[in-house]
2 protein chains.
Amino acid sequence: MNSAETLEPTAVDAEVCCEPSGQPSLDDYEAQLRASVFKALADPNRLRLLSIVKGSEGGEACVCDLTQPLNLGQPTVSHHLRILVDAGLLHREKRGTWAYYSLVPGAIERTTGLLASL
Amino acid sequence: MNSAETLEPTAVDAEVCCEPSGQPSLDDYEAQLRASVFKALADPNRLRLLSIVKGSEGGEACVCDLTQPLNLGQPTVSHHLRILVDAGLLHREKRGTWAYYSLVPGAIERTTGLLASL
DNA sequence: CACACACATTGACAATCATCGATATAGCCG
DNA sequence: CGGCTATATCGATGATTGTCAATGTGTGTG
């Protein structure tokens, strides 16, 4: 395939391909960066965690408030929360024995921006 | 755990939990539904596919245009495209031998809505 | 100090997934 | 009809992931 002059606009260098529109499409690095955020959102239990934290009194919740509604073990919930923190979606603040999780301000909006600017 | 009366507002039924705010947080079904969309977005190559399709001439691209910029085999690209179609993000139209993929109108906006209404 | 509690971390395991090679389907052209 | 091309599907495989039990860490309390 792609001998010389076919009728399809087959790119020669496989980098900037075939779109004379706006952006030159996502490069591999940017795609991996954005995918890591969506990976954090790609689990129903993590979505529920975000939802519960967002709807909690004062906008924050501790782990002990989160294990029961999800019907999951405490280590599993801790694991999910860590992924959400690493993705920049949740903020963790330790007060005494408890760890309070809250939405990072603007994180949701920033994430929708990742979609809109595809 | 959850013997009888501790000091935390432990819900008795693990359904509506502990938020006297707006929504009663996501139920398991809705969470799974939304997660399936984000699962489709949780791969860098699929994000690049969406980006290339969106930026392509006429808003559509066929498989042969997509394998080279991603540096992936044709079966793999077909597989990713299927996932994006199943998620309701891409539309597939067969014309002759070619299959043309295009963004489903409003799909991106609907997806951002899944985030905003958490 | 000793104990209890809230949370994090580790190790293991089953399930899901991304990728590839091989093959199947189907439209076009000689 | 017979080959060629574009795409889809299948089977296998290595990698990632969600979950749990067990354990570690740090903080408050008797």
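Computed from a predicted structure; not experimentally measured.
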Starting at [atom1] of [X] and ending at [atom2] of [N], how long is that distance when rounded to a whole Å?
X: A/Tyr101; N: C/dA8; atom1: OH; atom2: C1'; answer: 8 Å
X: A/Glu93; N: D/dG26; atom1: CD; atom2: C1'; answer: 17 Å
X: A/Leu72; N: D/dA21; atom1: CG; atom2: C1'; answer: 15 Å
X: A/Leu81; N: C/dA8; atom1: CG; atom2: P; answer: 7 Å
X: B/Leu49; N: D/dT7; atom1: CG; atom2: P; answer: 13 Å
X: A/Asn71; N: D/dT19; atom1: CG; atom2: C1'; answer: 12 Å
X: A/Arg92; N: C/dT9; atom1: CZ; atom2: C1'; answer: 12 Å

Of all heavy-atom pairs linking B/Val53 and B/Ser102, the shortest is CG1-CA, 3.7 Å

In terms of heavy-atom contacts, B/Ala31 and A/Arg48 come closest through CB-CG, 3.4 Å

Sequence neighbours excluded, the answer for salt bridge (Lys or Arg N to Asp or Glu O under 4.0 Å) partners of B/Arg34 is B/Glu30

Hits for salt bridge (Lys or Arg N to Asp or Glu O under 4.0 Å) against B/Glu109, two or more places apart or cross-chain, chain-then-number order -> none

Students should find that the hydrophobic cluster of B/Leu33, defined by side-chain heavy atoms under 4.5 Å apart, otherwise consists of B/Tyr29

Would B/Arg92 and B/Glu60 count as a salt bridge (Lys or Arg N to Asp or Glu O under 4.0 Å) here? Give the steps. CA-CA 9 Å; B/Arg92 177 180 179 274; B/Glu60 59 179 16; over 6 Å; no

Letter by letter from the 5' end, nucleotides 23-30 of chain C scores (B base, S sugar-phosphate only, - none; protein heavy atoms under 4.0 Å) ----SS--

With the side chain counted from C-beta on, respond yes when B/Phe38 and B/Thr111 share a heavy-atom pair under 4.5 Å apart, and no when they do not.
yes

* Are B/Trp98 and B/Cys64 close enough that some pair of their side-chain heavy atoms sits under 4.5 Å apart? -> yes

Sub-3.5 Å pairs of nitrogen or oxygen atoms, protein against nucleotides 13-18 of chain D:
from	atom 1	to	atom 2	distance (Å)
D/dG18	OP1	A/Arg46	NH2	2.8

All N/O donor-acceptor pairs, side-chain side in residues 69-91 of chain B, below 3.5 Å, sequence neighbours left out:
from	atom 1	to	atom 2	distance (Å)
B/His80	ND1	B/Arg46	NH1	3.0
B/Arg82	NH1	B/Asp86	OD2	2.8

**Request:** Check whether any side-chain N or O of A/Arg82 sits under 4.0 Å from OP1 or OP2 of C/dT9, and answer yes or no.
**Result:** yes

Under 4.0 Å, counting only non-hydrogen atoms across every strand here, what does A/Tyr100 touch: a base, just sugar-phosphate, or nothing?
nothing

